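Structure, as structure tokens:
Reminder, nothing fancy here: chain letters follow the sequence lines and each chain counts from 1. Everything numeric in this text was worked out from a predicted model, so none of it was measured. Side chains included, hydrogens not; waters and symmetry mates left out as well; all remaining heavy atoms used.
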Amino acid sequence: MATAPRIKATLDAQKPGPVIVWLRTDLRLGDNPALEAACETGRDVLCVFILETDETLKARGGATRWWLHGSLLAIGRDIEKRGGRLVLCKGASRSLIPRICKAAGAAAIVWNRRYGEAERTLDAALKKQLQDDGLVAESFNSHLLYEPWEVTTKAGTPMRVFTPFWRAARQTHEPMTPRPAPKQIPDGKLAKVKLPDEVALDDLDLLPTKPDWASGMRDAWQPGETGAEKTLRTFLKTGIDGYAENRNLPDRPSTSRLSPYLKFGEISPRQIWHAVDHAAQNGTLKASADDVSKFLAELGWREFSYHLLFHFPKLGSENFQSKFDAFPWASDTAHLKAWQRGRTGYPIVDAAMRQLWVTGWMHNRMRMVAASFLIKHLLIDWREGEAWFWDTLLDADPASNTASWQWVAGSGADAAPYFRIFNPISQGQKFDTEGNYVREFVPELAKLPAKYIHNPWIAPKSVLDAAGVTLGETYPHPIVDHDRARQRALAAFKSIGTIDA
DNA sequence: TTTTGAGTTGTTCGA
DNA sequence: GTCGAACAACTCAAA
């Protein structure tokens with residue numbers, strides 16, 4: 001079933017000329033169907049990446065720009081090692097792609113699919129235009145285990161609930177076996193051709209300068225395919241055993257941390273799936289069946305998010321459940337800013353938001369706690385939270401980010417019950433019992449004993465003094481009272497309860 | 001068509 | 001301290 005993608009047959013009848021590989025969210029050489037198909041033709045191959053400025057596309061967030069710089073550097077070198085080169089451009093792909101094809105004298109262009117509505121519209125228009133111009137233009141799946149249209153209900157409609165979705169998906173077929181990286185990516189005669197609009201990596205201006213806020217990210221991450229492989233190996237060795245339980249503990253390296261690599265396609269979900277599945281089958285994986293299925297279900301949630309985005313393209317901007325259009329959101333810029341900068345006065349929330357700010361990533365459970373706080377304690381519109389995460393997360397994903405924010409808000413598919421309001425004190429005590437996570441990211445509370453680290457406002461003055469904490473000065477008072485905020489949220493949710501969708 | 005069971009991750013209260 | 005119930009009502013998916 002898992003066969004190499006082919007465009008050779010259609011190309012043989014075509015005019016001579018090289019094949020362009022348009023790289024987008026697939027910045028890897030291994031298990032890259034478009035790249036493999038291009039190399040299989042035996043023709044010269046030219047890899048192109050465009051920093052797209054098309055007006056219909058959502059602008060990239062700041063954190064992902066930093067990551068992208070490292071990714072392009074890495075994949076550029078990897079392509080060179082195989083005898084090719086990566087061409088970088090900046091501009092509207094709508095006009096750049098046809099110009100590049102023409103300048104290179106290309107006979108064919110290939111790419112791997114993306115699933116946002118604007119991206120699909122753009123890609124479809126380009127494909128048609130290029131085919132009309134006499135080129136072979138082909139697209140492939142590299143980003144998902146299952147195409148969003150492959151999984152349906154028995155009635156043929158899109159799925160709206162995760163559990164039946166994941167069950168149905170796994171029954172359609174096994175995820176395809178990942179393909180090896182091509183040994184050679186020869187650019188032949190194109191090596192010396194300077195293409196129009198070609199720029200150097202530094203000219204893309206992806207790195208922050210004034211100020212350089214990326215030092216915490218440099219310490220924590222290695223963008224690129226090699227970094228992805230290392231991260232996966234480490235997770236299989238030390239993270240997946242006990243994953244079902246330990247994934248909830250934010251002070252431990254028990255989650256995979258593969259999300260930024262997946263976002264940019266520096267590893268494919270098929271590679272992850274098979275690495276886990278293969279190791280589990282041949283007994284080299286030390287992990288329970290529950291650990292494995294819980295982890296694979298996280299890939300399932302990513303698939304489900306793409307399924308939703310594909311079938312409901314407004315997932316990022318409109319409430320999935322329209323009754324939420326009447327939700328009484330508050331607009332309080334001081335509260336929003338306190339949340340963004342980790343100054344809410346709730347240590348677990350602040351630790352989470354600062355981890356995001358410094359490292360570009362946040363632990364999964366902490367995402368729920370922080371998101372719940374913004375939506376339910378502050379009653380701020382989930383779209384504000386989504387936008388902040390989009391800008392600050394290295395793994396900011398058009399599907400997962402939006403679907404997850406709507407899930408927490410209760411406005412999404414398969415929504416959480418209205419009464420699921422995380423208590424930031426008990427979540428801290430339960431999942432960061434010793435307070436290690438808070439101490440790491442909220443250093444001004446580091447000397448507090450575990451007993452008070454999640455609710456410093458009830459600590460005796462002597463304890464606060466001994467820890468060097470002065471509430472309202474060295475660390476804020478809680479910006480809202482938990483019990484009152486909870487009651488207010490319950491009332492707000494009740495107010496939209498009976499409005500018909 | 002109608003019915004039935006189920007739905008990622010929680011909290012609080014009272015016995 | 002532990003445990004179970006209550007917390008809205010609704011929608012989805014399959015039989």
May I ask you to check if A:Arg114 and A:Trp22 form a cation-pi contact, with NZ or CZ under 6.0 angstrom from the six-membered ring centre and within 45° of the axis? yes

Does A:Trp357 have A:Arg341 sitting over its ring (NZ/CZ under 6.0 Å from centre, angle to axis within 45°)?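 Satisfied, under 6.0 Å and within 45°.
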
Side chain of A:Arg160 - closest among B:dT9, B:dG7, C:dC12: C:dC12

Nearest to the side chain of A:Val161, which nucleotide is it out of C:dC12, B:dT9, B:dG10? C:dC12

Have A:Arg257 and A:Thr231 got a donor and an acceptor in their side chains that come within less than 3.5 Å?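 No.
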
Are A:Asp395 and A:Ser259 linked by a side-chain donor-acceptor pair shorter than 3.5 Å?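 Present: a donor and an acceptor within the cut-off.
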
Examine [N]: is either OP1 or OP2 under 4.0 Å from a nitrogen or oxygen in the side chain of [X]? Give yes or no.
{"X": "A:His482", "N": "B:dG10", "value": "no"}
{"X": "A:Asn423", "N": "B:dG10", "value": "no"}
{"X": "A:Arg420", "N": "B:dT9", "value": "yes"}
{"X": "A:Gln427", "N": "B:dT11", "value": "yes"}
{"X": "A:Arg365", "N": "B:dT9", "value": "no"}
{"X": "A:Thr153", "N": "C:dA13", "value": "no"}

Nearest-angstrom distance from the residue atom [atom1] of [X] to [atom2] of [N]:
{"X": "A:Tyr243", "N": "B:dT9", "atom1": "OH", "atom2": "C1'", "value": "11 Å"}
{"X": "A:His363", "N": "B:dT9", "atom1": "NE2", "atom2": "P", "value": "17 Å"}
{"X": "A:Arg247", "N": "B:dT9", "atom1": "CZ", "atom2": "C1'", "value": "7 Å"}
{"X": "A:Leu249", "N": "B:dT9", "atom1": "CG", "atom2": "P", "value": "18 Å"}
{"X": "A:Leu490", "N": "C:dA9", "atom1": "CG", "atom2": "P", "value": "14 Å"}
{"X": "A:Arg486", "N": "B:dT11", "atom1": "CZ", "atom2": "P", "value": "9 Å"}
{"X": "A:Phe324", "N": "C:dA9", "atom1": "CZ", "atom2": "C1'", "value": "12 Å"}
{"X": "A:Phe419", "N": "C:dA9", "atom1": "CZ", "atom2": "P", "value": "12 Å"}

P gap between C:dA8 and B:dC13, integer Å: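 The answer is 14 Å between these two P atoms.
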
Give [X] one of three labels, base, sugar-phosphate or nothing, depending on what nucleic acid heavy atoms sit under 4.0 Å from its own.
{"X": "A:Gln487", "answer": "nothing"}
{"X": "A:Ser426", "answer": "sugar-phosphate"}
{"X": "A:Pro158", "answer": "sugar-phosphate"}

Atom CD of A:Gln222 with >12 non-hydrogen neighbours under 6.0 angstrom: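 Atom CD in A:Gln222 is packed in, count exceeds 12.
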
Is the A:Phe312 ring parallel, tilted or perpendicular to the A:Phe320 ring (thresholds 30°, 60°)?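 Aromatic pair A:Phe312/A:Phe320 classed perpendicular.
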
For the side-chain contact (heavy atoms from CB on, under 4.5 Å) test, which of A:Asn32, A:Leu35, A:Ile75, A:Asp31 pairs with A:Asp26?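 The option that passes is A:Asn32.
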
Could you summarise the pairing of DNA chain C as dot-bracket text, marking Watson-Crick and G-U pairs under 3.5 Å with ( ) or [ ] inside the strand and | across strands? .||||||..||||||

Tell me if the centroids of the rings in A:Phe310 and A:Tyr306 come within less than 6.0 Å of each other. no

